[in-house]
Amino acid sequence: MNAFRRLLVFLAGLMGAAGVAAAAAGAHVSADPNLATAASFLMLGAAAVTGGCALAAARGPGWSFATVGAGIITLGTVLFSGTLAARALWNIVLFPMAAPAGGTMLILGWLVLALAAFERETRAG
């Protein structure tokens, strides 16, 4: 697995942990529904990124739509969920339109990941 995929898997682990923490905060600190949404997106994003990296690694060390999609999903998830959690816990707005920008990145990331279905089955190397 190349260094970028290792970084993505590491970030996916952090996203999963943050998702559990956000769910716990939603149950014990604040009943704001944005925390539940952030938790769900963090945990689903973590699974998607891990799966995308696994798919890319199985196809070989080179460039892959799965790797690019996983990277975009990582950024979109962190931006979207981070915005919702910051607003719910600390009443902080990261920047105007941060959550919609993160959501748009998530949609794009999933579409790029879908393109991995059309890559060649195997790669040399």
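Everything numeric in this text was worked out from a predicted model, so none of it was measured.
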Which atom names give the shortest non-hydrogen contact between V49 and A70, and what distance separates them? CG2-O, 3.5 Å

Where the side chain of S30 meets the backbone of G26, is there a donor-acceptor pair that is under 3.5 Å apart? no

For the student: nearest non-hydrogen atoms of P61 and N2, plus distance: O-ND2, 3.6 Å

Taking the side chain as every heavy atom from C-beta outward, state whether L35 and L84 have any atom pair closer than 4.5 Å. no

Roughly how far apart are F10 CZ and T74 OG1, rounded to 0.5 Å? 12.0 Å

side-chain contact (heavy atoms from CB on, under 4.5 Å), that's the test. Do W110 and I72 meet it? Break it down for me. CA-CA 8 Å; W110 281 103; I72 297 169; over 6 Å; no

F41 atom CZ, neighbour heavy-atom count above 12 within 6.0 Å: no

Residue pair S64 / R5, side-chain heavy-atom distance below 4.5 Å: yes

Applying side-chain contact (heavy atoms from CB on, under 4.5 Å) to C53 and R6, what does each step give before you reach the verdict? CA-CA 8 Å; C53 288; R6 286 181 195 275; over 6 Å; no

Give a yes or no on whether L14 and L7 share a hydrophobic cluster (residues Ile, Leu, Val, Met, Phe, Trp, Tyr; joining criterion: side-chain heavy atoms under 4.5 Å apart). yes

I need the minimum non-hydrogen distance between T83 and L94, along with the two atoms involved. OG1-CD1, 3.3 Å

Shared ILVMFWY cluster between V68 and L75, side chains joined below 4.5 angstrom? yes

Kindly indicate whether the side chain of T77, heavy atoms from C-beta on, has any atom under 4.5 Å from the side chain of M105. no

Of all heavy-atom pairs between A39 and G19, which one has the smallest distance, and what is that distance? CB-O, 3.3 Å

Minimum heavy-atom separation for M1 and V9, please, with both atom names. SD-CG2, 4.1 Å

R59 side chain vs A116 backbone, donor-acceptor pair below 3.5 Å: yes

Tell me whether V112 is reachable from L106 by hopping between hydrophobic residues (I, L, V, M, F, W, Y) whose side-chain heavy atoms are closer than 4.5 Å. no

Let's go through F95 and L79 carefully: what are the C-alpha distance in whole Å and the side-chain angles of both, what is the deciding distance for side-chain contact (heavy atoms from CB on, under 4.5 Å) to 0.1 Å, and is it a yes or a no? CA-CA 10 Å; F95 59 87; L79 182 57; 3.9 Å; yes

In the single-linkage hydrophobic clustering (I, L, V, M, F, W, Y; side-chain heavy atoms under 4.5 Å), do F4 and L108 co-cluster? no

Shortest non-hydrogen contact from A99 toward R87: CB-NH2, 4.3 Å

Apply side-chain contact (heavy atoms from CB on, under 4.5 Å) to F65 and L113, showing your working. CA-CA 6 Å; F65 281 117; L113 183 60; over 6 Å; no

Flag the pair V29 / L89 as yes when at least one side-chain heavy-atom distance between them is below 4.5 Å, and no otherwise. yes

